[in-house]
Amino acid sequence: MLTIHADSRGRALAVKGAWIDDAGPLEELVAAHPRARVRTWPGILTPGLINLHGNELLEEAYHPDPREADLLGTAPLTGDALAALTMDDARWGASVRRGVQRMLAHGTVRAACEELRNRAVRDAVHRSGLAVMGRVGRPGGTPALDPYAAGLPVEFAQPRERHSAARFAVFDVRDETELAERGAATCVATVAEGRIVYRRR
């Protein structure tokens, strides 16, 4: 089943399975693929963001369960707050699943990591759809779910084109300038391996 994802600027990607089958103006893709399902999103299609603090957010932070909010709050716990928790593989795995979902909700499609040493973390990331890329050393800045809040230049994944992986994000803004001003919480959808892995309700 071919699905065309289009933004408010008329830019579109035709997705078949886990791959981009075609890319270009919406009118051209609809003409070329008349039987495709068309999904129109508010805002702009982008290749998605890279979060440079993969280790810090996934392996060195605990993402509280919403049921723990009264006791632990909702922000990732690090340092002494993390050390005070009793962590086992099951709790790490659940934390990472929540952390990945929150990263996807900010349009992140790829996390930059040194080697993930915690097996529970590594397994949860592998099953999540979030891509991982290598990095050397610590990137500086402040680890944040929103890459625009990290205090570092924001990096996007490679542009999506025909035969590239169907991995991208949509932000409800007019353009990239407004995205930089308002941040990645404007994400309305994130797609990984051709699947919508986050959609704002």
Side-chain angles (χ1 to χ4, degrees), residues 3-15 18-30 38-58 61 63 74-76 98-113 125 128-135 138-162 164-201:
T3 300
I4 297 173
H5 295 264
D7 67 12
S8 59
R9 299 185 291 191
R11 299 176 182 177
L13 298 170
V15 174
W19 303 95
I20 303 294
D21 188 74
D22 209 349
L26 174 59
E27 295 81 2
E28 292 183 9
L29 295 197
V30 169
V38 178
R39 189 183 293 273
T40 303
W41 299 101
I44 63 172
L45 275 170
T46 75
L49 299 170
I50 298 172
N51 195 307
L52 300 177
H53 293 103
N55 293 86
E56 292 80 4
L57 290 171
L58 298 173
H63 298 269
T74 59
R98 290 188 293 270
V100 166
Q101 190 59 33
R102 291 164 187 171
M103 293 171 80
L104 294 171
H106 286 83
T108 293
V109 297
R110 192 175 292 274
C113 301
V125 171
S128 71
L130 180 70
V132 174
M133 61 183 289
R135 76 175 198 198
R138 300 273 168 162
T142 303
L145 293 169
D146 182 347
Y148 285 97
L152 296 172
V154 171
E155 296 187 19
F156 283 88
Q158 290 294 316
R160 299 298 84 191
E161 55 190 19
R162 192 175 186 185
S164 62
R167 192 181 297 278
F168 53 90
V170 189
F171 298 90
D172 189 8
V173 294
R174 292 186 303 273
D175 51 33
E176 287 77 7
T177 298
E178 185 180 357
L179 175 56
E181 293 171 352
R182 294 178 56 196
T186 56
C187 181
V188 293
T190 303
V191 172
E193 298 176 354
R195 298 179 294 112
I196 299 174
V197 291
Y198 168 75
R199 180 176 183 176
R200 189 169 72 188
R201 296 178 180 176

Within 6.0 angstrom of Arg174 CZ, more than 12 heavy atoms from elsewhere: no
What do you reckon, is CH2 of Trp41 surrounded by more than 12 foreign heavy atoms closer than 6.0 Å? yes
Under the ring pair (Phe, Tyr, Trp, His ring centres under 6.0 Å) definition, can you give me all pairs with a residue in residues 166-195, not counting sequence neighbours? His5-Phe168
Under a 4.0 Å threshold between the charged nitrogen and the carboxylate oxygen, would Arg135 count as salt-bridged to Glu155? no
What verdict does the side-chain contact (heavy atoms from CB on, under 4.5 Å) test give for Leu57 and Arg102, after you've listed the backbone C-alpha separation in whole Å, the side-chain angles of each residue and the deciding distance to 0.1 Å? CA-CA 10 Å; Leu57 290 171; Arg102 291 164 187 171; over 6 Å; no
Distance check, rounded to the nearest 0.5 Å: Cys187 atom SG versus Arg199 atom CZ? 12.0 Å
Counting C-beta onward and ignoring hydrogens, is there a side-chain heavy-atom pair between Val191 and Val197 closer than 4.5 Å? no
Please tell me if the side chains of Val109 and Leu49 come closer than 4.5 Å, counting only heavy atoms from C-beta onward. no
Hey, are the side chains of Leu179 and Tyr148 touching, using non-hydrogen atoms and a 4.5 Å cut-off? yes
CA sep, side-chain torsions, deciding dist, call: Val170, Arg39, side-chain contact (heavy atoms from CB on, under 4.5 Å): CA-CA 12 Å; Val170 189; Arg39 189 183 293 273; over 6 Å; no
Here the pair of heavy atoms bringing Leu145 nearest to Pro76 is CD1-CG, 4.5 Å
Evaluate the side-chain proximity of Phe156 to Thr46: yes if any heavy-atom separation is below 4.5 Å, no if none is. yes
Check for a donor-acceptor pair, side chain of Arg162 on one end and backbone N or O of Asp21 on the other, with a separation under 3.5 Å. yes
To the nearest 0.5 Å, how far apart are CZ in Arg182 and CG in Asp172? 6.5 Å
The single option from Asn55, Val125, Leu52 passing side-chain contact (heavy atoms from CB on, under 4.5 Å) against Cys113: Asn55
All heavy atoms of Thr108 vs all of Pro147, minimum pair found to be OG1-CG, 4.0 Å
With a 4.5 Å limit on heavy-atom distance, are the side chains of His53 and Leu152 in contact? yes
Could you state the interatomic distance from OG1 (Thr190) to OH (Tyr198), rounded to the nearest 0.5 Å? 7.5 Å
Say you draw a straight line from OG1 of Thr186 to NE2 of His106; how long is it, rounded to the nearest 0.5 Å? 9.0 Å
Please determine which of Leu13, Ile4, Asp7 meets the side-chain contact (heavy atoms from CB on, under 4.5 Å) test together with Leu26. Ile4
Indicate the atoms forming the closest heavy-atom contact of Arg167 with Arg160, along with that distance. O-CD, 3.0 Å
Between Ala111 and Gly54, which heavy-atom pair has the shortest distance, and what is it? CB-CA, 4.2 Å
Would you indicate whether the side-chain heavy atoms of Glu161 and Pro159 approach each other to under 4.5 Å? no
Can you give me the closest heavy-atom contact between Ala12 and Pro25, atom names plus distance? CB-C, 4.5 Å
Going by heavy atoms in the side chains, are Ile44 and Val173 under 4.5 Å from each other? yes
Taking 4.0 angstrom as the limit, do Asp175 and Arg9 come out as a salt bridge? no
For the pair Ser128 (side chain) and Val100 (backbone), establish whether a donor and an acceptor sit closer than 3.5 Å, ignoring hydrogens and angles. no
Output for pair (Leu130 CG, Asn51 CG), nearest 0.5 Å, gives 8.5 Å
Flag side-chain contact, heavy atom, 4.5 Å: Glu56 against Pro139: yes
